[in-house]
Amino acid sequence: MLKTRLVAVDKDYPQQQLINAAAEIIRAGGLVAFPTETVYGLGGNALDEDAAAKIYAAKGRPQDNPLIVHIQHIKELEGIVEDVPPGADELMKTFWPGPLTILFRKKPVIPSGTTAGLDTVAIRMPDHRIALELIKAAGVPIAAPSANISGKPSPTCAQDVLEDLNGKIDMILDGGTCPVGVESTVLDLSGPVPLILRPGGLPKEELEKILGHVEIDPGLSPGQRPRSPGQKYRHYAPKAHMTLVEGPVKLQIAKIIDLAGSLESSGKRVGIMATAQTRQEYPLGIVLSVGDRDAPLTISSNLFSILRKFDRLGVDEILAEGISREGLGLAVMNRLYKAAGYNIIKV
Ligand code: TXA
Ligand code: MG
C-alpha cells in the first residue's frame, strides 16, 4: 500500500515546485494522477515498461487495452513515431492541444508494454496547463489512461480519483474539475477513410470540416467487434442497474415515469437522469439534471460525476434520458450505451 499524496495545484498558474515533485515521481517510475481538459489521467513514463505495468495493476486494466501517450510539443513526435499519416498535420495544427487522439506507427522506443503489444501508438496533447507543465518537467512523454478503476465511470475531479486509487498511486494533482468531462476522440488515419475508434470530446463535425467525410468504427455498434481494444469492455458502469430510454422527449418522460412507478412499487430506489428541460416533469424518483439539452457541453461535463453521485445516493436503478447525437452528444450517447450495458428502450 502506497501513501497517496493529494496536492492542490493552481490550474491557471501551476506552482513549479509542485509540478517538479510530480515530475520527479514520473521519472523515477512512479504514478501521478493529473487533470486534463477531458478527464483525470493516471500518468507514468511512457518509455518505461515497468511504469506501464504499474498503471495496469493500479487500475485492474485488461492487459490488451493500450494506453494513450501524452506530449506537450509537436516536436516530441519525431522521437516516438515512424511517420505522420496523411491529414494528421493539419489536424494537429488545428486541434492540439485538445481532445483529439491520433494513431501513429510507433518507434521501438515506445515499449510494447505501453501499447499492449500493438505496433501503433495513440498520441494526444492535452489542453490543460497542469498536464502540459507536468509532461514538460518530466522530460518524457506520459502514458495515461483515465484515472479510474477499470470499468467504473471516468474521474472528472480529484475526489473521484482518490475514491478509486487511494493507496495505489504516489500522487494526485488536484486541479479542479475537468471542463469537457468525456474522454478524447480516438482517430485512425491509416485507412482509405478517417475512422473514429472512440467518439469523444472533439465532435465528428469538427473533424469533417478538415478531413471531409469521416466514419465511425462500425464495430462500436452493440454486439460487433470494435477495432479499438478498450471499446469492447463494459465501461463507465455505475453500481446501479441502468436503463437508457431513447426517442422523442415527451415519450421518454412518459416511459420513465411508467418504469419508475413499477420499480418503486417493488421497493426499488430509483434515480432518474433528467435534463434541465425535463427535470420538473417527474413526480417520483430521485431526479438529477445532467445538463441543458441545448448546450451539450453542460451534459458531457456532468455525465460521469452524476453517475458516481447516483452510486453515492445508493439507488438500485438508474433511468436515463437519451439526447441528440449531434456534436458532443455522440460521445455522451456512446458513454450512456456502455454505462447501461446496452440496456436500451426505444420509444
Ligand atoms: O481523454 C482521454 O483520452 C483520457 C485522458 C486521460 O487523456 N485518456 C483515456 O485513456 O481515455 P483510456 O486508456 O481510458 O482510453 C484509451 C482508449 C482505449 O479505448 C484504447 O483501446 C484506445 O484508446 N487506444 C489506445 N491506443 C490505441 C491503439 N494503438 N490502437 C487503437 N486504440 C487505442
Ligand atoms: Mg478509460
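Along the sequence shown, the residues carry numbers beginning at 1. This one's a predicted model, so the numbers in the text were calculated from it and none came from an experiment. As the structure lists them, so they are numbered: ligands from 1, and atoms in each ligand from 1.
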**Request:** Count the heavy atoms of every other residue, nucleotide or ligand shown that sit under 6.0 Å from CZ of Arg293, and state whether that count exceeds 12.
**Result:** yes
**Complete:** of all protein heavy atoms, closest to atom 6 (C) of ligand 1 is Gly41 CA, 3.5 Å
**Prompt:** At the 4.0 Å heavy-atom cut-off, does Ile68 count as touching ligand 1?
**Reply:** yes
**Request:** For Leu103, take its heavy atoms, then give the atoms of ligand 1 lying under 4.0 Å from any of them.
**Result:** 30 (N), 31 (C)
**Request:** Write out the residue and atom name of the closest protein heavy atom to atom 22 (C) of ligand 1, then the distance separating them to 0.1 Å.
**Result:** Ser228 OG, 3.2 Å
**Prompt:** Cluster partners of Leu165, using ILVMFWY side-chain heavy atoms under 4.5 angstrom, listed by chain and number?
**Reply:** Leu6, Leu31, Tyr40, Leu42, Ile55, Tyr56, Leu67, Ile149, Val161, Leu162, Ile169, Ile172
**Request:** Mark the output for Pro229 as yes if a heavy-atom distance to ligand 1 is under 4.0 Å, and as no if none is.
**Result:** yes
**Request:** Could you say whether the N/O atoms of Val182 and ligand 1 ever approach to under 3.5 Å?
**Result:** no
**Heavy-atom pair of closest approach, residues Ile323 and Gly329** = CD1-CA, 3.8 Å
**Fill in**
Protein-derived N, O or S atoms lying less than 2.8 Å from the Mg ion (ligand 2), waters not counted, sum to 1
**Complete:** Nearest non-hydrogen contact to atom 14 (O) of ligand 1 from the set Ala147, Ser184, Ser146 belongs to Ser146
**Prompt:** Are more than 12 heavy atoms from other residues, nucleotides or ligands located less than 6.0 Å from atom CD of Glu208?
**Reply:** yes
**Message:** Between Thr278 and Ala274 (side chain of the first, backbone of the second, donor and acceptor by atom type, cut-off under 3.5 Å), is there such a pair?
**Reply:** no
**Message:** Suppose we measure from atom 7 (O) of ligand 1 to each protein heavy atom; which comes out shortest, and what is that distance?
**Reply:** His70 NE2, 2.6 Å
**Message:** Among all protein heavy atoms in this structure, tell me which lies nearest to atom 13 (O) of ligand 1, with the distance rounded to 0.1 Å.
**Reply:** Arg61 NH2, 2.7 Å
**Asked** Is Leu284 linked to Met242 within one hydrophobic cluster, defined over Ile, Leu, Val, Met, Phe, Trp and Tyr using a side-chain heavy-atom separation of less than 4.5 Å?
**Response** no
**Request:** Classify the contact between Thr120 and ligand 1 as side chain, backbone, both or neither, using a heavy-atom distance cut-off of under 4.0 Å.
**Result:** both
**Message:** Is the contact between Asp188 and ligand 1 made by the side chain, the backbone, both, or neither, using heavy atoms and a 4.0 Å cut-off?
**Reply:** neither
**Message:** Give me the nearest non-hydrogen protein atom to atom 17 (C) of ligand 1 as residue plus atom name, then the distance to 0.1 Å.
**Reply:** Arg198 NH1, 3.6 Å
**Prompt:** What do you reckon, is CD of Gln17 surrounded by more than 12 foreign heavy atoms closer than 6.0 Å?
**Reply:** yes
**Prompt:** Are any of the side-chain heavy atoms of Leu319 and Lys255 separated by less than 4.5 Å?
**Reply:** no
**Complete:** The atoms of ligand 1 lying under 4.0 Å from a heavy atom of Ala122, numbered in the order shown, are 25 (C), 26 (N), 27 (C)
**Message:** Using the rule side chain to side chain contact (heavy atoms under 4.5 Å, CB included), only one of Ile306, Leu336, Thr298 pairs with Val290; which is it?
**Reply:** Ile306
**Request:** Report the residue from Lys107, Lys106, Arg105 that forms a salt bridge (charged side-chain N to carboxylate O under 4.0 Å, His left out) with Asp83.
**Result:** Arg105
**Proximity to ligand 1 by part of Asn65, non-hydrogen separation under 4.0 Å** = side chain
**Request:** Keeping the roles fixed (side chain from Glu183, backbone from Gly200), state whether a donor-acceptor pair exists under 3.5 Å.
**Result:** no
**Prompt:** Are Glu24 and Arg27 close enough for a salt bridge, meaning some N to O gap below 4.0 Å?
**Reply:** yes
**Item:** Gln231 N/O to ligand 1 N/O under 3.5 Å
**Value:** yes
**Item:** Atoms of ligand 1 close to Leu118 [distance to a heavy atom under 4.0 angstrom, numbered from 1]
**Value:** 28 (C), 29 (N), 30 (N)
**Prompt:** Could Glu264 and Lys268 be called an ion pair, given the rule that one side-chain N must be under 4.0 Å from one carboxylate O?
**Reply:** no
**Item:** Thr38: numbered ligand 1 atoms lying under 4.0 Å from its heavy atoms
**Value:** 1 (O), 2 (C), 4 (C), 5 (C)
**Asked** Is the shortest distance from a Lys or Arg side-chain nitrogen in Arg308 or Glu163 to a carboxylate oxygen in the other one below 4.0 Å?
**Response** yes
**Prompt:** What's the shortest distance from atom 24 (N) of ligand 1 to any protein heavy atom, and which residue and atom give it?
**Reply:** Pro66 CG, 3.7 Å
**Message:** Are Thr36 and Arg124 packed together at the side-chain level, in the sense that at least one heavy-atom pair is separated by less than 4.5 angstrom?
**Reply:** yes
**Prompt:** Tell me: protein heavy atom nearest atom 8 (N) of ligand 1, and distance?
**Reply:** Ala144 O, 3.7 Å
**Message:** Under the criterion side-chain contact (heavy atoms from CB on, under 4.5 Å), I'd like the reasoning laid out for Thr101 against Leu187: C-alpha separation, chi angles, the key distance, then a yes or no.
**Reply:** CA-CA 6 Å; Thr101 296; Leu187 185 68; over 6 Å; no
**Asked** What part of Lys59 sits under 4.0 Å from ligand 1 if we count only heavy atoms: the side chain, the backbone, both or neither?
**Response** neither
**Message:** Please work out, at 4.0 Å between heavy atoms, whether the side chain, the backbone, both, or neither of Arg124 comes within that distance of ligand 1.
**Reply:** side chain
